[in-house]
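See structure below.
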Amino acid sequence: MERFDDPYDDTRIHVTPAVIEPGHTFDSVTDKISALVLRKRTPLGWWVGLAASFVLTNMMLGTIIYLVFTGIGIWGNNQPVGWAFDIINFVWWIGIGHAGTLISAILLLLRQQWRTSINRFAEAMTLFAVACAGLFPLLHTGRPWLAYWLFPYPNTMGIQPQFRSPLMWDVFAVSTYATVSALFWYTGLVPDLATLRDRARSKFGRVVFGMMSLGWRGSARHWARYEVVYLLLAGISTPLVLSVHTIVSFDFAIGIIPGWHTPIFPPYFVAGAIYAGFAMVLTLIIPLRKFYGLEDFITDRHLRNAGKVMLATGLLVAYGYMSEAFIAWYSANKYEQFMMLNRFVGPYAFYYWSLITCNVIVPQLIWIRRVRHSHVMLFVVAMFVNVGMWLERFIIIPISLHRDFLPSSWGMYAPTIFDFTMFFGTIGFFFFLMFLFIRFLPVISIFEMRTMVPEAQIKEEA
Amino acid sequence: MHIKDTFPELYQIRRRPLSIEGVRARLTNKRGREFWQSLEELAATEEFEELLHREFPQHASEWDEGTDRRTFLKLMGASLALAGLAGCSYQPPETIVPYVRQPEGIVPGKPLFFATAMPWTGGAAPLLVRSNMGRPTKVEGNDLHPASQGAADVFSQASILGLYDPDRSETIINRGEVRTYTAFLGEISTALEAQKTKQGAGLRFLTETVTSPTLAAQLRDILRNFPGARWYQWEPAGGNNASLGVRQSVGDFATSIYNFAAADRVLALDSNLLECGPGSLRYARDFASRRRPADGDPREISRLYVVETTPTNTGFFADNRLAVKPSEFEGIVRAVAAGVGAGGAGTSPGGPAAEFVNAVVADLKAHAGASLVVAGDEQPPIIHALAHQMNAALGGVGKTVSFVEPLEENPTDQLNELRTLLGEIDAGAVEILVVVGGNPVHTTPADLKLDEARMKKVPLTVHLGLYEDETSELSQWHIPETHFLEAWGDTRAFDGTVTIIQPLITPLYSGKSAHELLAAFTDQPDRKGYDILRQYWLTQGRASLMSAGASNAAGTPSAASVGAASTGGTQGGMTNGVAATGGATTGATAGGGQASSARAAGAGTLTAGATQAGAATSSSASATPEFEMAWRKALNDGFVSNTARKPKNVSVSANAATSGAASAGTQAGVAGVAPVTGVAPAPLANGGAGAFEIVFRTDPSIYDGRFANNGWLQELPKPLTKLTWDNVAIVSPATAERLGVGDTPDGAVAWDSPKRVNRITAKGGELRVELLRLTFKGRRVDNAPVFILPGQPDDVVTVHFGYGRKRSGRVGGNEHDKSVRGFDAYALRTSDAMWSGAGLGVEKTGEDYPLASTQIHFQMEGRDIVRAGTFAEWTHDPELAPESERKRPPEAAGETRTPPEGDTLYPPYDYSEHEDEGLRGYKWGMAIDVSTCVGCNACVVACQAENNIAVVGKEQVARSREMHWIRVDAYFRGAVERPDGVYFMPVPCMHCENAPCEGVCPVHATVHSAEGINEMVYNRCVGTRYCSNNCPYKVRRFNFLLYQDWETPSYKLMRNPEVSVRSRGVMEKCTYCIQRIEYAKIEAEKQGRKVRDGEIVTACQQTCPTEAIVFGDLNDPASRVAKLQAQKRNYGLLADLNTRPRTTYLASVRNPNEALPAGKEGKA
């Protein structure tokens, strides 16, 4: 029994579930994945999902229109809680976006082959999550039409942005991250787009995929350049995984509010982001592989590994919570102590303990082998983590703000209906993009999967 | 949905049938450059409103969370104003004499200052009003006037909003139809013809308390012509009990004047003398002058004892406070009186009260001659009589208290007068009832109600009022009244000094002043207010006016001589001492001040281009040059010096109180059994039906209801509860526990909270409380929201007047659109329980009600926020720093030790003087003395007016989004269950040296100026709100929605042109009134000098009655602010965060009696 769980046991392919089911050939892999886009009838479930997410997307758009015309006062933000759902959602989505880059870049560099079948998907997830995240900092400003002032561009006002502000750093961090993620994702898509171009039956498909594949012919020279670019982008992305959430955490750590002003935030946020990202990956791929019959490519092993990563980062996050509490006590600073006590027993204590339950207690189930091997249980745990990570930001942002230094300024915070329409709207938007992606692009990297089939393996070993 | 569907009634209010008569009436009332477009518009028909509404898309129905109040205001404001108001008004044609800054007269862009006054029962508020190109924009106190010395209270300052209120009544209305004034005069003259035959036997005038010499003379003239006519006065609140009390003790009406500067020990008997109503501004200043411990000055500060029935600012400010039930109040007072030898047989009460009484008695006696007992206006005459007797026994008469001729022109027992009037109405004897101002239909007691039946019974009823209110609705004629800033008049300040009311602008809505209305009852019905006033002073008042002029024969006195005249010359022997203490500070400001130079040059130089008009209209004879000079000086100064009421030689009857008690029949026992006069509450005999006692008070923000439609005042947090937009039934925590209302406090702040607290919802500033049903003497109110206030005596419910207005404006609410705000406490008030009574029944209704509060936590949680100590502690340790700050060695820099200067990554700012750079050299700073802040809110309103701060409405306050730039924090001191007071702490922006907001703004929208000011650049702000999050003082305010009313034209006139009007999505905050700084700097630069200390006065500082706020240049070691910041008790709020605030605080020093438990409490 124990050896199944040995993390160093990857070599024993005959006992560990493979990253690809036996019996696949180059052809079958290509056929199976490209068929999702080119051959298969669009399943009814896809239409239902797309419609539902489209409705939510429109809800988001409606909220945005109302917001821009009325002001962010339609949300529940107030004085002292200047940031609430807007920034919670921003950080939450950015966190979710982390798994993609981590899987694509870091695992690539670490030669973790099991990543191959989920990296495309995870990258797309990253991209869409960052798109959702990016909406919030833009729209949370009082005058979104002037938000471009945060960019350093030559202007007649003769003013540059304030480089001391973490929000300024955010602009760079997030826009760089979005750009590199998009490039990385697209670069990885090019060979597959060429495959689709070649296999497309309709003229329209051939033209569109032809344009998108940028003239890829699969020549050795193309492949050589591709490999270099892909590796370089992976190299560039790798520090971004750390930097983006580090900088996002600076939004708080630079502030002087008790509960924000904490040097542990950068590593703690990065761990949290990976945690959240893997939870979202699991949330998405467990149903996906089921509905699209991709069990051959996204195997139990993937799920199990993702679960293990989640458990590991979850423990890091739990350490963060402990450290926060310990430092609050050890600092002998009464504001910090009050902040912690307020989290424990204050008016929002329910959410704090929910956070601990979702993020610390429930994920411990993954230690149990049966849970780890059960798709349903993994999905449930991942859902808990999704909620928990959202709560974590809820605890950090409004709960720290609502009772800070002067008791006279203490207040409370409650979201309005528009906070929810915006939040669920972005979830809808995310799924809307996700559904389009599933339908129109290969969700699994075809050419990389081809390197997984035994033929390819043998060659390499030979 | 069309707004009309939501509020159909509103359209009914504004809808008048299109009648030729009406159109003619409206045209007659138009003047000047107003014009109209169509008959429909003129008649303001529904169709036109509809057209207007549809035609302008920005007014069209909006999609929002319902139609909230603000949107509604904007929509309505625009359409109304289009129909009513032309763009600009000009100054009236009569000669008015301004304060000028520039001798050359009006310089475009430069404001002028005119002296005027707001009439008020207990003494007018002498004002100096800023006028920007003919538009009054800001009300300040008249710094020359002995009753103001520059301070102004919330009501007078907010009156500017009342002036521009688009809801004010615009037209004369007769039985629902618009009519002309000529038609009114016609009907009156017919009616008067009929009256002449019976000597006016059916003619009745009902005024508010009259302190205007001219108005009184007019009324007397009318009464002379119609001997059968009667003049009654009714005001729901005010000093009537005080007058009656004086009469009871000295045998005649007189006004008592106090000298707090000479009082070492003050005992206030339910007197809210520090709340800074217009009449007590001077008292607050004098009192504060004895409350400022200074390094190296060993003199003891004065001590204030308060015995009160419901918490007030004064009570919570006091050094020792005793909260008692109304029924026990008189017993306590009698015990004190007996103790100090003021006669009467007081039985000593038991328990803590006895201890308190004994300590007070001993202390007062020990300071005989320098002690003062003051009774509150709400207390029955007997308490006043006892107070005067105590003062006499303690040797205070002539030293700390003096009696002068009554302030009122015709002091009477108003309740009796009302009773008589109603009797006459019921008997059918009243044929013409003229209600001059006031709103008696709303404000009369429930058992003496001037109700609909009575109003209908009078054949001809006339109402003069600012608004179409409850009274006007029942009157046959409603005449729109001019605002005091639009009309001529005169009044008296608290000491009787005659104070001239000058108009600042032509009437916006063609109203009539009281003087002009009364002229209708004479043979010259068309006389203008100016003529009436001037005629009075030319003839009857000539002597006092001329004598005042003679004292400054030069006519253009220097600032110093005016100061001397106003302080030394005016007030008779007793108040001299007062003046001398106040004089030092006044002189200091005057020396460098803007106002003084303006005044010196001002007299008569500028006549607003209308001298000829003035000359033409000023009627009749003998306007000699001497008179002209004296008149101009009176207008210039705003008051007639030497007209303070003459001291009255009286002797306080030693047994007045006892005899009064005897006459009432029941001699006082103590322990809660002892009504003496009918006004005192009955004992708790029938505990079953109503085991509670009720206390009535005027509302701290909207007074008796007259300011119900004033958004600034509605949104002004009430000093102790910090509630806005509502009145509540205040109960103590123990009573709440007993009633089972309120919430149990949550864990994090439960350490020493009382068992029951107000329930806070998650919205932000919202409390959700239960509605109580209050039953009192068979009358009931079903919707009184309960509010738990520690410090309230148990089993006592306090309610405030002014709310529950059935017919008010859009802000104040009305019955027609079901927007009535709060509950009507007048419905419970009876003539035998005017201010308090026993036998109140309280029931829970089980319904919830939201309240909007600006502060929901009133404890310091052991943090170093307000530093405080007793006087004894201060003499021992002048720093009064908390333990943690004092005891810790520097190397153990823990949470509360201020980090050393320069402990930052960024280079320090340089404020030193550089010869070639004009910019540098100033380093602005502010010091706020917590010792003298009485929490009166005057600074909040001053700031709101000066800086064009928006009103956000109750819903937004409930979301914690109020916009005030300065707030007054209140923290309980002592045990939470039974606090012995509150620390008031005004919090503007700290303008930190290491400002946490500056570093986090991504777009440089908040930056450090070369003079140390933390500037906010609205144009650059994109609204990330990071600055606000990162501000530990939470002084920044964000425009979450479009809070400013950009559409109502009248509000455009009101705004200060020197200050940007902020729009949606930007952050704003205190600027240290940077427009005033720049103004002074430009003036100084033109003269090639540096700005003098005291030349720049921020709005909050300018108006502060207790001079708790001082602003100036920290680079100048001689400046007042630098000296204050050098005081040992100076400290920076949250300075341990290394923000290096340049607004600093001076620790609060109280002087409690060590013999009492509260005194032993020690520092917080």
Side-chain angles (χ1 to χ4, degrees), chain A residues 66 70-83 137 140-144 146-147 149-150 157 159-162 164-168 170-171 251 254-257 331-336 338 341-342 344-347 349 401 403-414 416, chain B residues 63-65 746-748 760-766 855-863 865 894-895 956 959-962 967 969-971 985 987 996 999-1004 1020-1026 1028-1030 1032-1034 1036-1042 1064-1067 1133-1134 1137:
Chain A
Y66 185 43
T70 315
I72 69 130
I74 65 167
W75 290 341
N77 302 42
N78 62 18
Q79 181 79 20
V81 184
W83 289 347
H140 100 290
T141 59
R143 305 199 286 176
L146 297 177
W149 285 352
L150 268 76
M157 293 178 279
I159 307 176
Q160 287 298 301
Q162 145 94 277
R164 283 191 292 168
S165 170
L167 294 186
M168 179 71 240
D170 253 10
V171 169
D251 287 351
I254 296 291
I256 63 170
I257 298 298
S331 69
N333 181 316
K334 57 187 156 195
Y335 305 120
E336 293 286 336
F338 177 84
L341 197 66
N342 189 44
F344 291 160
V345 297
L401 285 171
R403 286 179 171 172
D404 63 344
F405 296 100
L406 295 184
S408 66
S409 304
W410 288 0
M412 297 287 283
Y413 166 76
T416 64
Chain B
W63 175 34
D64 204 346
E65 288 178 280
D746 70 73
I760 297 161
T761 73
K763 259 190 165 182
E766 192 189 64
Q855 186 180 346
I856 54 178
H857 199 80
F858 293 84
Q859 292 163 59
M860 281 188 268
E861 300 296 343
R863 298 177 179 185
I865 296 170
E895 76 273 34
Q956 292 297 309
R959 280 251 173 231
S960 248
R961 292 171 182 171
E962 66 278 359
R967 61 174 197 262
D969 287 350
Y971 295 106
M985 184 183 219
V987 186
V1000 298
C1001 173
V1003 292
H1004 280 301
R1020 181 69 182 167
C1021 179
V1022 302
T1024 66
R1025 301 186 299 292
Y1026 198 172
S1028 170
N1029 288 341
N1030 213 31
Y1033 310 98
K1034 291 287 175 283
R1036 292 177 155 265
R1037 297 287 178 261
F1038 186 67
N1039 288 277
F1040 284 94
L1041 297 166
L1042 182 59
R1064 188 193 115 195
V1066 300
M1067 192 60 77
L1133 182 59
L1134 302 177
L1137 298 176

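Labels below follow one simple rule: chain letters A, B, ... track the order of the sequence lines, proteins then strands, and each chain is numbered from 1.
Comparing Asp251(A), Asp170(A), Ile256(A) by how many heavy-atom pairs each has under 4.5 Å with chain B, the most go to Ile256(A). Between chain B and the options Pro80(A), Gly411(A), Gly82(A), the largest number of non-hydrogen pairs under 4.5 Å is found for Gly82(A). Interface remark: of the candidates Val171(A), Ile254(A), Asn77(A), Asn77(A) forms the most heavy-atom pairs closer than 4.5 Å to chain B. Among Met1067(B), Met985(B), Arg1037(B), Gln855(B), the residue making the largest number of heavy-atom pairs under 4.5 Å with chain A is Gln855(B). Contact count against chain A (heavy-atom pairs under 4.5 Å) is highest for Cys1001(B) among Ala970(B), Gly765(B), Cys1001(B), Ser1028(B). Ranked by heavy-atom pairs under 4.5 Å with chain A, the first of Ile760(B), Asn1039(B), Val987(B), Asp969(B) is Asp969(B). Of the residues considered (Gly1023(B), Gly1065(B), Pro1002(B), Pro1032(B)), Pro1002(B) shows the highest number of contacts with chain A, using heavy-atom pairs under 4.5 Å.
Within the 4.5 Å cutoff, side-chain heavy atoms of Leu1133(B) are placed close to those of Leu406(A). Here the side chains of Met412(A) and Thr761(B) are not in contact, with every heavy-atom distance at 4.5 Å or above. Side-chain contact between Phe1038(B) and Ile72(A) is present, with at least one heavy-atom pair separated by less than 4.5 Å.
Between the side chain of Gln79(A) and the backbone N or O of Arg1036(B), at least one donor-acceptor pair lies under 3.5 Å. Judged purely by atom type and a 3.5 angstrom limit, His857(B) has no side-chain atom pairing as donor or acceptor with the backbone of Ser409(A). Looking only at distances, no side-chain donor or acceptor of Arg863(B) sits under 3.5 Å from a matching main-chain atom of Pro407(A). Judged purely by atom type and a 3.5 angstrom limit, Thr141(A) has no side-chain atom pairing as donor or acceptor with the backbone of Thr1024(B). Counting only distance, with no hydrogens or angles, the side chain of Arg143(A) and the backbone of Arg1064(B) share no donor-acceptor pair below 3.5 Å.
The shortest heavy-atom contact between Leu1041(B) and Gly71(A) is CD2-O, 4.1 Å. Of all heavy-atom pairs between His1004(B) and Ile159(A), the closest is CD2-CG2, 4.1 Å. Heavy-atom minimum distance, Val1022(B) versus Leu146(A): CG1-O, 3.4 Å. For Ile865(B) against Phe405(A), the heavy-atom pair with the smallest separation is CD1-O, 4.2 Å.
Only the side chain of Arg967(B) comes within less than 4.5 Å of a heavy atom of chain A; its backbone N, CA, C and O stay farther away. Using a 4.5 Å cut-off between heavy atoms, Glu336(A) makes no contact with chain B at all. For Pro996(B), the part lying near chain A is the side chain, with the backbone staying farther off; criterion is any non-hydrogen pair under 4.5 Å.
Taking the salt bridge (charged side-chain N to carboxylate O under 4.0 Å, His left out) definition, one finds that Arg1025(B) meets it with Asp86(A), sequence neighbours left out. Looking at residues two or more places apart in sequence or on another chain, you find a ring pair (Phe, Tyr, Trp, His ring centres under 6.0 Å) between Tyr1026(B) and Trp83(A).
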How far apart are the C-alpha atoms of Ser960(B) and Asn78(A), what are their side-chain angles, what is the distance that settles it, and do they pass the side chain to side chain donor-acceptor pair (under 3.5 Å) test?
CA-CA 6 Å; Ser960(B) 248; Asn78(A) 62 18; 4.6 Å; no
